[in-house]
Amino acid sequence: MELKTHIQKLAAEIFDEVISLRQHIHAHPELSFEEKNTAAFVQQQLGSMGIEYKADIAGHGVVGLIHGKNPSDRVIALRADMDALPIKEENDVPYKSQHPGVMHACGHDVHTASLLGTAHILSQVTDQFSGTIKLIFQPAEEKVPGGASLMIKEGVLANPNVNAILGQHVQPHLEVGKIGIRSGMYMASADEIYMRVIGKGGHAAHPSHFIDPVMMTAQILVTLQQVVSRSDPRIPTILSFGKIIGEGATNIIPNEVYVEGTLRTMDEVWREKALEKIADIVHSVAKGLGGRVELDIRRGYPFLVNDEALTAKAKSHIVEYMGAENVEEIDLWMAAEDFAWYTHEVPGCFYRLGTRNEAKGIVHGVHTPRFNIDEHALKISTGLMAWLAIRELSM
């Protein structure tokens, strides 16, 4: 039997089991750096397949190894993230989150179940490839500094050394049955900005007696828009603030205002300059208005770049597996992903798995309480990743 057909057959055979894996993980979500039970579940599944693994990497990370005919040849890594988000699920499904306020709202349950399915397929066809496939089940994608950076520091790309890495992510804006891919720059860097704007509170009727941190905050935020408006238009840049807390009242000026925001861009040199500009503006505006700011900038993930040679091969392999009509070029995306850390170490390709089905009402975006997937995507995700790994090893 032709290998592609064999892989597709195996993916169909384990489809129901992969759905069960996904639903189990979905019902038992764990937040970043707390994925103890999810990691134990992954270990149990790998052990049942006879796949060797190491656990407790960068917290709860798990790494499995599948050896082909000549394990000393090339090494391809496949990555799935395991953590959930602090969101209360609103879906009415049998596998709804059993942990109130915690939900797999970004599809990491899908990624983990898919990679377990891929592991099952690969373990059945080790005579069909040379080299080694490294399975990376990663914690804490959702929280800075990102589990990827910590796993890299603990040697996940070494022993054996990884030559290339592949990752997939659900895409609720892409119809189920479709795959999205982009070569080169794909996703943005992301830094977190925390500000405590400090003035002097008082009665609103006596403006000469207080230093207003509310107006100070407003001036800071307006002035900060210069960072974007006066940047190089060729470099995508977003500076947004989504949380502002000033606990005063109609006639009470608070002592301080708390602000949280994010800077996202796709150029590391400009990223450094932009962060410097942000700090300069924040402090100078506050000082000019008689106040001060406690500024905390937490460095997040770098931009994600898909290696052009690897991505070109991956795209051709996806076309082989699914047909050209099911492969779509996707745009730059200003969201961030800690898979980016891997792409700055080895050639990487991060592609999108279509999960949308409007007829079933499966249309909600990631990071929302009603995010869900058309589970038919699990039949595609498992076989496709196995196919990509084997084809890359055969090149």
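These numbers come from a predicted model, not from an experiment.
- Ring pair Tyr95/His26: centre-to-centre distance below 6.0 Å.
- Met49 and Phe129 end up in the same hydrophobic cluster when Ile, Leu, Val, Met, Phe, Trp and Tyr side chains are linked at under 4.5 Å.
- Considering CD1 of Ile278 and NZ of Lys273, their distance stands at 14.5 Å, rounded to 0.5 Å.
- Classification of the His104-His108 ring pair by plane angle, with boundaries at 30° and 60°, yields tilted.
- Atoms CD and CG, on Glu142 and Asp338 in that order, are 8.5 Å from each other to the nearest 0.5 Å.
- More than 12 heavy atoms of other residues, nucleotides or ligands shown are found within 6.0 angstrom of CD on Glu268.
- Aromatic ring centres of His111 and His169 lie closer together than 6.0 Å.
- Linking Ile, Leu, Val, Met, Phe, Trp and Tyr whenever their side-chain heavy atoms come within less than 4.5 Å leaves Phe33 and Val102 in two separate clusters.
- Annotation: side chain of Leu157 is in contact with side chain of Tyr342 (closest heavy-atom distance under 4.5 Å).
- The cluster map of Ile, Leu, Val, Met, Phe, Trp and Tyr, joined by side-chain heavy atoms under 4.5 Å apart, puts Met185 and Trp333 in different clusters.
- Side-chain contact check for Tyr186 versus Ile330: some heavy-atom pair is nearer than 4.5 Å.
- To the nearest 0.5 Å, atom CG of residue Leu65 and atom CD of residue Glu52 are 4.5 Å apart.
- When every heavy atom of Pro254 is checked against every heavy atom of Pro213, the shortest pair comes out as O-CG, 3.1 Å.
- Salt-bridge check for Arg196 with Glu256: passed, with a basic side-chain N closer than 4.0 Å to an acidic carboxylate O.
- Lys88 is not listed as a side-chain neighbour of Pro100, based on a closest heavy-atom distance of 4.5 Å or more.
- Checking side-chain atoms of Lys54 against main-chain N and O of Gly61 turns up no donor-acceptor pair under 3.5 Å.
- Without hydrogens or angle criteria, Glu154 side chain to Ala58 main chain gives a donor-acceptor distance under 3.5 Å.
- Hydrophobic clustering, with ILVMFWY side chains joined whenever heavy atoms are under 4.5 angstrom apart, groups Phe137 together with Val170.
- Among the candidates Asp109, Asp374, Asp16, the single residue satisfying the salt bridge (charged side-chain N to carboxylate O under 4.0 Å, His left out) test with Arg22 is Asp109.
- Other residues, nucleotides and ligands contribute only 12 or fewer heavy atoms inside 6.0 Å of the CE atom of Met215.
- A donor-acceptor pair is defined here as one N or O able to donate and one able to accept, closer than 3.5 Å; no such pair exists between the side chain of Lys287 and the backbone of Val293.
- Under a cut-off of 6.0 angstrom, the local environment of CG in Asn251 is crowded, with over 12 non-hydrogen atoms contributed by other residues, nucleotides or ligands.
- Salt bridge present: Arg79 and Glu337 bring a charged side-chain N and a carboxylate O closer than 4.0 Å.
- One hydrophobic cluster holds both Tyr321 and Ile121 under the rule that ILVMFWY side chains link at heavy-atom gaps under 4.5 Å.
- Counting heavy atoms from C-beta outward, Val282 and Met195 have side chains that approach closer than 4.5 Å.
- Side-chain atoms of His206 never come within 3.5 Å of backbone atoms of Ser208 as a donor-acceptor pair (strictly under, hydrogens ignored).
- Applying the side-chain contact (heavy atoms from CB on, under 4.5 Å) criterion to Asn37, with sequence neighbours excluded, gives Glu30.
- Within the 4.5 Å cutoff, no side-chain heavy atoms of Ile133 are placed close to those of Thr118.
- Side chain to side chain, Arg264 and Tyr301 fail the donor-acceptor criterion of an N or O pair below 3.5 Å.
- Counting heavy atoms from C-beta outward, Arg299 and Arg271 have side chains that approach closer than 4.5 Å.
- With sequence neighbours excluded, the residues satisfying side-chain contact (heavy atoms from CB on, under 4.5 Å) with Ile181 are Thr311, Ala314, Lys315, Ile318, Val327, Cys349, Tyr351.
- Using a distance-only test at 3.5 Å, with no hydrogens or angles considered, no donor-acceptor pair links the side chain of Ser240 to the main chain of Thr262.
- One finds a salt bridge joining Glu392 and Arg74 here, because a Lys/Arg side-chain nitrogen approaches an Asp/Glu carboxylate oxygen to under 4.0 Å.
- When only modelled atom types and interatomic distance are considered, His6 and Gln128 share no side-chain donor-acceptor pair under 3.5 Å.
- Between the side chains of Thr223 and Gln219, at least one donor-acceptor pair of N or O atoms lies under 3.5 Å.
- The six-membered or imidazole ring of Phe41 lies near that of His24, with a centre-to-centre distance under 6.0 Å.
- Residues Val366 and Pro172 have side chains in contact (heavy-atom distance under 4.5 Å, counting atoms from C-beta outward).
- Between the side chains of Trp270 and Thr237, a donor-acceptor pair is found at a separation under 3.5 Å.
- Taking a cutoff of 4.0 Å between a charged side-chain nitrogen and a carboxylate oxygen, Glu320 and Arg391 qualify as a salt bridge.
- Formation of a donor-acceptor pair under 3.5 Å by the Asn255 side chain with backbone atoms of Gly201 is found in this model.
- Ion pairing of Glu175 with Lys178 is absent here, as no side-chain N (NZ or NE/NH1/NH2) approaches a carboxylate O to less than 4.0 Å.
- A salt bridge links Glu294 with Arg292: the closest approach of a Lys/Arg side-chain nitrogen to an acidic carboxylate oxygen falls below 4.0 angstrom.
- Nearest heavy-atom pair, Thr265 versus Phe303, reported as atom, atom and distance to 0.1 Å: O-CB, 4.4 Å.
- Put simply, the side chain of Val176 does not reach to within 4.5 Å of the side chain of Arg356, judged on heavy atoms.
- Separating the CD atom in Glu13 from the CD atom in Gln124 is a distance of 9.0 Å, to the nearest 0.5 Å.
- Geometrically, Lys200 does not engage Phe210 in a cation-pi contact, judged by NZ or CZ lying under 6.0 Å from the ring centre and within 45° of the ring axis.
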